Amino acid sequence: MSDPTLDEKILDYHATSFSQGRMDFAWEELSDDERAQLYADWQAGKGLIGGHPKHRPGHERLSDWGLNQPVFRAFALADERGDNGVRLRADLDSDRTLEIEIGFGRGDFILDRARRHPDRLFIAYEVKTKAVRLMLSRVQRFEVGNLWLSDDDARVSLPAVLAPGRAEIVHVLFPDPWWKEQHKIKRLFSPPFVDLMADLIRPGGLLHFKSDVEGYNELVRYLVANHPSFAAHNPELADRIGPHLPTHREAWCGRKKLPVWASYFERK
Ligand SMILES: C[S@@+](CC[C@H](N)C(=O)[O-])C[C@H]1O[C@@H](n2cnc3c(N)ncnc32)[C@H](O)[C@@H]1O
C-alpha cells in the first residue's frame with residue numbers, strides 16, 4: 001500500500017534535536033565472567049529504564065488517559081476500571097500473527113506497519129510515557145485497531161505478558177547505544193536479552209535490528225549469531241518485512257546521508 005498523502009500525514013518528521021554524536025562504539029567478545037555478570041545484573045533488574053515497573057508508584061493501576069484505550073502496563077492488567085487487560089488477553093489468545101517493536105520513539109514505523117497489515121496484531125513499547133500518549137492520539141486519529149502501546153520497559157513486560165513463541169517478528173530499530181561505561185548496563189542487547197528474544201519468537205520467526213552505529217550492529221551480530229537459537233544475519237530476510245516507512249531516526253539519517261546497518265536473524 002502506498003498513499004503518499006496519507007504517508008505524509010502518518011509521518012511525524014517535524015524538527016528534531018538529533019545529533020550524530022560520537023560513533024566510537026567499542027565492544028569486545030565477552031569473557032565468561034563478564035557474561036555471568038550480565039546475567040546477574042539482569043536477574044537483579046539493573047539497567048531497567050525508570051527502574052522496575054513493579055516499583056513505580058501506582059503500578060497496578062492504568063493512567064486515566066489509558067483507560068479503555070489500546071494501552072497496557074504488564075502489572076496493571078487486572079485494573080478493573082478499564083477493559084484493557086481483558087481485551088489484550090483476548091487479542092493475545094487469538095492466532096493472529098504478532099509483531100513487536102521495542103523503543104518506537106515517534107512511532108512512524110509501527111503505525112505504518114499496522115496500517116499495512118490489518119490482519120496482524122502489533123505491540124509497541126516505548127518507555128517515554130509522553131511519547132506513548134502522543135502515539136495514542138495518532139492511533140485514535142488514524143483509527144488503527146490492531147496496535148497496542150505500552151510504556152513498560154519491554155525487558156520486564158514481555159515475559160510477563162507473552163507466551164513463549166508467540167511473536168513472529170521483533171523489531172529493535174535504532175536503540176540507544178548508551179556510550180558511557182556507567183550507562184552500558186541500560187543497553188538493550190545483552191546475552192539475557194537475546195535469550196528473551198529466543199524465547200518469545202516462534203521458530204521460523206524474525207529478529208530485525210537497525211542502527212546508525214556500526215559497532216552496535218557488530219555487537220548485535222556477535223551476540224545473536226552466537227546464540228544457539230538464532231541463525232546468522234541473512235539480508236534476504238528483509239523481503240519478509242517488505243516495504244515500510246522509515247523510523248524517525250532512519251529518516252533523519254537518510255536526509256543527512258548517513259549510513260545505516262541492518263541485521264535480520266531467523267529464529268531456528
Ligand atoms: C534512539 S531512540 C529510537 C527511536 C525510534 N526507534 C527511531 O528509530 O526513531 C530509542 C528509543 O527506545 C526507547 N527505549 C529504550 N530502552 C527501552 C526499553 N527497554 N523498553 C522500551 N523502550 C525503550 C527510548 O526511550 C527511545 O525513545
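Remember, it's a predicted structure, so these values are computed and weren't measured experimentally. Counting starts at 1 for both ligands and their atoms, following the listed order.
Note on ring orientation: taking the six-membered ring where Trp is involved, the planes of Trp179 and Phe25 are perpendicular (angle over 60°, cut-offs 30° and 60°).
The ligand atoms of ligand 1 that sit less than 4.0 angstrom from a heavy atom of His248 are 9 (O). Close approach to Val127 involves these atoms of ligand 1, each under 4.0 Å from a residue heavy atom: 14 (N), 18 (C), 20 (N), 21 (C), 22 (N), 23 (C), 25 (O). Atoms of ligand 1 lying under 4.0 Å from at least one heavy atom of Thr247, given by number and element, are 7 (C), 8 (O), 9 (O). Less than 4.0 angstrom separates some heavy atom of Phe174 from each of these atoms of ligand 1: 1 (C), 2 (S), 3 (C), 8 (O), 10 (C).
No side-chain N or O of Arg113 forms a donor-acceptor pair with one of His244 less than 3.5 Å apart. There is a side-chain donor-acceptor pair under 3.5 Å between Asp41 and Gln37.
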* Checking salt bridge (Lys or Arg N to Asp or Glu O under 4.0 Å) for the pair Asp151/Arg73: CA distance, chi angles, key distance, verdict? -> CA-CA 7 Å; Asp151 62 354; Arg73 288 182 174 156; 2.7 Å; yes
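Within 6.0 Å of CG on Asp32 lie no more than 12 heavy atoms contributed by other residues, nucleotides or ligands.
Checked by distance only, ligand 1 and Leu173 come closer than 3.5 Å through their nitrogen or oxygen atoms. When only interatomic distances are considered, the shortest N/O to N/O separation between Ala154 and ligand 1 falls below 3.5 Å.
Within the set Arg249, Arg106, Glu126, Arg187, the minimum heavy-atom distance to atom 11 (C) of ligand 1 is found for Glu126.
In this structure, the side chain of Glu126 engages the main chain of Gly105 through a donor-acceptor pair within 3.5 Å.
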